[in-house]
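Note that ligands are numbered from 1 as they come in the structure, with each ligand's atoms numbered from 1 the same way. The figures that follow rest on heavy atoms only: side chains count, while hydrogens, waters and symmetry mates do not. From a predicted model like this one, the values you see are computed outputs, not experimental measurements. Positions are given from 1 along the sequence.
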Amino acid sequence: MVVTIPVGVIGSTPAFGAVSRGSSPRRGASRYSAGVTKPALAVVLAAGEGTRMKSSLVKVLHPIAGRPILGHVMHSVAHTEPMAMVVVVGHQRERVTEYLANYETGVLVTVQEQQLGTGHAVRTCLEQLIEQGVKTSSLDGPVLVLAGDAPLITGATLADLLDHHNASGSKVTVLSALLDDPSGYGRILRDSDHAFTGIVEHRDATDEQRTVNEVNSGTYVFDGALLREALTRITNDNSQGELYLTDVVSIARNDGAHVSAFALHDQNEILGINDRVQLAEASAIMRDRINEGWMRAGVTFADPSTTWIDVDAEIAPDVVLAPSVVILGPTAIATGAIIGPDTTLNACEVGEGASVVRSHCELAVIGANATVGPYTYLRPNARLDEGAKAGAYVEIKNSHIGAGAKVPHLSYVGDAEVGEGSNIGAATVFVNYDGVNKHRTVVGAHARVGSDTMLVAPVTIGDGAYTAAGSVITQDVPAGAIAVGRAQQHNIEGWVERKRAGSPAAQAAERARETSDSSDSPADS
Ligand code: UD1
Ligand code: CA
């Protein structure tokens, strides 16, 4: 039991200052309000491996709606405003710690070298905190304990649980739930007066106990002093040979302390993730919650079941989302925008009234009233100003398209500046790569690049300049000039009838010649 990660190294909040997320909950993503009772400490258990995930990534780091499972738990805990939050790590502790260091603030970490049970996890956690100089007295208040693999628990439920613990004068309060299928869970035991007496694990339960469908959710509030003392008395005398946190309940009760079980209404909240089937179930529940939040905030969803939105997205009222829309990362969509169908936006900014149809966009900025799609690929640092257009089968990367400028059809625009009001003809390619280096192209304002132009960078097209269709442009074009960069056309008369005699083409040509010969006759003129 060695502390390899010093307590307090993570985040900027000093140990035992109030843990807070700083900002208020996002509209749509969560609707919590902190309760009256604030935990002295919140302990999140995340040392297990999660073998049933069959993954090289530790279970608690698998993402749901763009945030790891563990992060969801921590965000809910944060709404109870604990004085300190500690995560117990074990398997892949470096990766878990790295996540915590980068994405969560004010979080402490303790290490459980060997996973000898949930009771052992909490015991070693408290011991390490004290060894690292945390005052015992600061651990005497309510201690919230929960599993890092149950991401659907809400801040509101945790606040209710804490308030119940406080109001009932309990030393231990267990969050329970009534399940249709309780198998696998620890069962809540009650005496003939219906008083809560303890928890028995499924594997240790008698057949009669297994008929109980009130289960232990794995979330608890303990009196800190009682918890510390009781954890010295738990044994591994059970079918798994583990130190069970749940044994604290019967120890407390036998000592005459008041213990209670607080039943949850929404049984989804306790869903723990053990395998990929449960991961998908939890993802769908989270999707529904997120979507409901945005609908209540004024966003139209044509088909909520095919619309997936990450927790970090921001969507204004009167945005319309068509079916099969995926909104990833910190995407922001302004009012009146219409997105989809069949569109993915990853870390994009979409302006007011813009429309994005059947497109894939990443780290792109789409201005107000701009139109994108169908079938457009906007890559990182594609920026469309107000009213600009990126049309069908167009790919744009690291380029700025000025206000009202249009790239309507079948083009590639890379490393370019396109001035306002310019039009890029169909099938134009911004030839930005010479095989070694990338180069920039600048197109001025109100220029007209003809269809099928190759703009070989570095090259500049001046304001109001034209290029002839099919040109390969390798030299700068002055403002107002037209550049013609293609071979001169010459026609070889009669070639088809001579070289392809008898073919349908030759016959068609012959008919055309006869018609034009007769119409050319002097009688008609
Ligand atoms: C636990 C409860 C059970 C409850 C269920 C709810 C006990 C003894 N049983 O059972 O009553 O119904 O949760 O899901 O607590 N962990 C550690 N270190 C350990 C062991 C576990 O950090 O040594 C972590 C795991 O990573 C996990 C959480 O604690 O996040 C729960 O552990 P798990 O083994 O899944 O407990 P269950 O057997 O499901
Ligand atoms: Ca479990």
Taking distance alone, with no angle check, do L245 and ligand 1 share an N/O pair under 3.5 Å?
-> no
Closest to atom 35 (O) of ligand 1 (judged by heavy-atom distance), picking from V60, D149, V174, V145 | D149
In ligand 1, which numbered atoms sit nearer than 4.0 Å to a non-hydrogen atom of G186?
-> 3 (C), 4 (C), 11 (O), 12 (O)
Find all atoms of ligand 1 within a distance of less than 4.0 Å from any non-hydrogen atom belonging to L116, and give their numbers and elements.
-> 23 (O)
Does Q112 approach ligand 1 within less than 4.0 angstrom via side chain, backbone, both or neither, non-hydrogen atoms only?
-> side chain
Which bit of A47 gets closer than 4.0 Å to ligand 1, counting heavy atoms only: side chain, backbone, both or neither?
-> both
Considering only heavy atoms of G148, which atoms of ligand 1 have at least one such atom less than 4.0 Å away?
-> 30 (O)
Correct closest heavy-atom pair for R253 and D191 would be NH2-OD2, 3.4 Å
Any idea which atoms of ligand 1 are less than 4.0 Å away from a heavy-atom of A147?
-> 28 (C), 30 (O)
Does the N or O separation between L45 and ligand 1 drop below 3.5 Å for any pair?
-> yes
Carboxylate-amine/guanidinium proximity below 4.0 Å for K438 and D415 | no
V87, N216, V44: member with heavy atom nearest to atom 5 (C) of ligand 1 = N216
Going by the 4.0 angstrom heavy-atom rule, the piece of N274 near ligand 1 is neither
Full working for salt bridge (charged side-chain N to carboxylate O under 4.0 Å, His left out) between R67 and D310 | CA-CA 8 Å; R67 176 186 286 160; D310 278 357; over 6 Å; no
What residues form a side-chain hydrogen bond (donor to acceptor under 3.5 Å, both in side chains) with R210, not counting sequence neighbours?
-> none
Heavy-atom closest pair (R187 atom, V215 atom, distance to 0.1 Å) is CD-CG1, 4.2 Å
In short, S399 meets G414 closest at the heavy-atom pair OG-C, 3.5 Å
Counting each atom of ligand 1 from 1 as listed, which ones have a heavy atom of E201 under 4.0 Å away?
-> 2 (C), 3 (C), 7 (C), 8 (C), 9 (N), 10 (O), 11 (O)
Would you call G272 a ligand 1 contact, heavy-atom distance under 4.0 Å?
-> no
What about G117: any of its N or O atoms under 3.5 Å from an N or O on ligand 1?
-> yes
Closest non-hydrogen atom pair between T331 and N346, with its separation = OG1-C, 3.7 Å
Looking at E113 and R93, does any basic side-chain N land under 4.0 Å from a carboxylate oxygen?
-> yes
Residue pairs, two or more places apart or on separate chains, that pass salt bridge (Lys or Arg N to Asp or Glu O under 4.0 Å) and touch residues 262-272 | none
Between T118 and ligand 1, does any nitrogen or oxygen pair lie at a separation below 3.5 Å?
-> yes
Please state whether T246 comes within less than 4.0 angstrom of ligand 1, counting heavy atoms only.
-> yes
Identify, by atom number and element, the atoms of ligand 1 in contact range of S217, meaning under 4.0 Å from any of its heavy atoms.
-> 6 (C), 14 (O)
Quick one: does H120 get within less than 4.0 Å of ligand 1, heavy atoms only?
-> no
Between A46 and ligand 1, which part of the residue brings a heavy atom under 4.0 Å of the ligand: side chain, backbone, both or neither?
-> backbone
Ion pair present between D247 and R233, side-chain N to carboxylate O less than 4.0 angstrom?
-> no
Here the pair of heavy atoms bringing K59 nearest to N274 is NZ-OD1, 3.3 Å
Check I69 against I273 and note the closest heavy-atom contact, atom names and distance.
-> CD1-CG1, 3.9 Å
For ligand 1, is there an atom lying under 4.0 Å from some heavy atom of V88?
-> no
